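Before any comments, here is the structure.
When a residue number appears, it is its place in the shown sequence, counting from 1. These numbers come from a predicted model, not from an experiment.
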Amino acid sequence: MRPRPLSIENPENDRYVSLVPDGDIEEILSKQRTKTITFLSSISEESARKAYAPGKWTLKEVIGHMADAERVMSYRMLAIARNESAPLPAMDQDQYVSAANFNKLSWEQLLAGLDTVRSNTLSLISTIDDAAWDRSGTVMNSPVSIGTIAYGIVGHELHHLKVISDKYL
C-alpha cells in the first residue's frame, strides 16, 4: 500500500490532496476510474457541448482538461521516479484547452481518452518501487513528491466532478 504523503511540500498541492479519502492510492485510482466513466457516460453529447456560463469551458473542454492534466502529472511522476534532476515545467491549462479543440471530438472519444489516461497512470504507478515513492522533484520551482502527485491526480478529478455536478448538471 502506498501511503498518503505525510506533508505536502507546497500548500497549493494540498487543495487537491486534502480531497482524497484514506486508503490505497492504486485502489482509489482504479475505483475512481470506473465511477467517473460510469457517471460521465450518462451525460448526453448535447449536454457535453454546453458551458455553465459565458466564458467558461464546455463540459467537453473540462473532460479534455482532466485528461491532459493527468497526462502531465503522470509524466511528472515518471520523470521524478526515473531521477530526472531538471525542473519540470508548468502547465497553462487555458492554453492547453484552447489549442486542443476538444469541442470537435465526440463525447465518446473524450471519455475513452480519459479512461485510457487513467489506465496508463495505473500502469506507471505499478512500476514505481517503494524507494522511489517518496522521491521529490521540482515542479514550478517547488518541491513535489511522487506520492503528492498521485494523490493530486485523484483530488483534481474529484474537484472537477464536483464542479460538473454543481454547475453543469
Side-chain angles (χ1 to χ4, degrees), residues 1-33 36-37 40 56-58 60-103 105 109-164:
M1 184 166 128
R2 303 295 169 96
R4 171 185 289 279
L6 296 177
S7 64
I8 306 303
E9 304 84 1
N10 179 332
E12 180 65 24
N13 294 323
D14 192 49
R15 172 181 177 200
Y16 297 127
V17 173
S18 65
L19 298 174
V20 183
D22 289 331
D24 178 73
I25 191 62
E26 291 177 78
E27 185 177 319
I28 293 168
L29 282 160
S30 182
K31 285 182 178 179
Q32 185 183 50
R33 174 186 182 190
T36 296
I37 296 302
L40 295 173
K56 295 297 183 180
W57 292 342
T58 66
K60 284 185 170 189
E61 289 171 322
V62 171
I63 300 310
H65 160 71
M66 288 167 53
D68 275 357
E70 187 163 334
R71 285 180 180 104
V72 170
M73 289 188 272
S74 289
Y75 167 72
R76 291 172 179 166
M77 284 193 301
L78 171 68
I80 294 166
R82 306 306 190 251
N83 286 316
E84 178 61 63
S85 60
L88 299 168
M91 173 189 167
D92 181 331
Q93 64 182 16
D94 292 315
Q95 177 185 335
Y96 275 50
V97 168
S98 176
N101 295 313
F102 292 124
N103 289 317
L105 301 175
Q109 282 177 291
L110 288 164
L111 297 185
L114 186 65
D115 188 53
T116 299
V117 168
R118 180 55 56 90
S119 176
N120 290 333
T121 298
L122 287 162
S123 177
L124 170 63
I125 288 175
S126 74
T127 73
I128 300 173
D129 65 22
D130 291 342
W133 187 250
D134 294 324
R135 190 174 293 146
S136 291
T138 303
V139 176
M140 299 181 304
N141 301 314
S142 295
V144 64
S145 69
I146 291 172
T148 297
I149 296 169
Y151 275 80
I153 288 171
V154 173
H156 181 257
E157 188 165 304
L158 289 170
H159 162 76
H160 282 291
L161 291 172
K162 181 166 178 22
V163 170
I164 291 166

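Side-chain contact between Ile149 and Ile80: present, with at least one pair of heavy atoms (C-beta onward) separated by less than 4.5 Å. Put simply, the side chain of Val144 does not reach to within 4.5 Å of the side chain of Arg76, judged on heavy atoms. Residues Leu158 and Lys162 have side chains not in contact (no heavy-atom distance under 4.5 Å, counting atoms from C-beta outward). Considering only heavy atoms from C-beta on, Leu110 comes within 4.5 Å of Phe102 through its side chain. By the 4.5 Å heavy-atom criterion applied to side chains, Arg33 and Ile28 are not counted as neighbours. For the pair Trp57/Val163, no side-chain contact is recorded, criterion being any heavy-atom separation below 4.5 Å from C-beta on. Using a 4.5 Å cut-off on side-chain heavy atoms (C-beta onward), Met66 and Glu61 make no contact. A 4.5 Å side-chain heavy-atom check between Ile25 and Val154 finds at least one atom pair inside the cut-off.
Between Tyr96 and His65, the gap from one ring centroid to the other reaches at least 6.0 Å.
For the atom pair CD (Gln32) and CD1 (Ile153), the distance works out to 9.5 Å, reported to the nearest 0.5 Å. The distance from the OG1 atom of Thr138 to the CG atom of Leu88 is 7.5 Å, given to the nearest 0.5 Å. Taking OG1 of Thr121 as the start and CG of Leu29 as the end, the distance is 7.0 Å to the nearest 0.5 Å.
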Check the pair Thr36 / Glu157 against side chain to side chain contact (heavy atoms under 4.5 Å, CB included), numbers first and verdict last. CA-CA 9 Å; Thr36 296; Glu157 188 165 304; 2.5 Å; yes
Applying side chain to side chain contact (heavy atoms under 4.5 Å, CB included) to Ser30 and Leu122, what does each step give before you reach the verdict? CA-CA 7 Å; Ser30 182; Leu122 287 162; 4.2 Å; yes
Yes or no on side chain to side chain contact (heavy atoms under 4.5 Å, CB included) for Asp134 and Ile146, after CA distance, side-chain angles and deciding distance? CA-CA 6 Å; Asp134 294 324; Ile146 291 172; over 6 Å; no
Mind running side chain to side chain contact (heavy atoms under 4.5 Å, CB included) on Met140 and Met91 for me, showing each step along the way? CA-CA 9 Å; Met140 299 181 304; Met91 173 189 167; over 6 Å; no
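Applying the 6.0 Å contact sphere to CG of Asn141 captures no more than 12 heavy atoms from other residues, nucleotides or ligands.
Classified by interplanar angle (parallel below 30°, tilted 30° to 60°, perpendicular above 60°), the ring pair His160/His156 is perpendicular.
Asn83 and Arg135 form a side-chain donor-acceptor contact under 3.5 Å, judged by distance and modelled atom types alone.
Contact check on Asp115 versus Arg118 returns no salt bridge, with no Lys/Arg side-chain nitrogen under 4.0 Å from an Asp/Glu carboxylate oxygen.
Minimum heavy-atom separation, Gly113 to Arg71: O-NH2, 4.3 Å.
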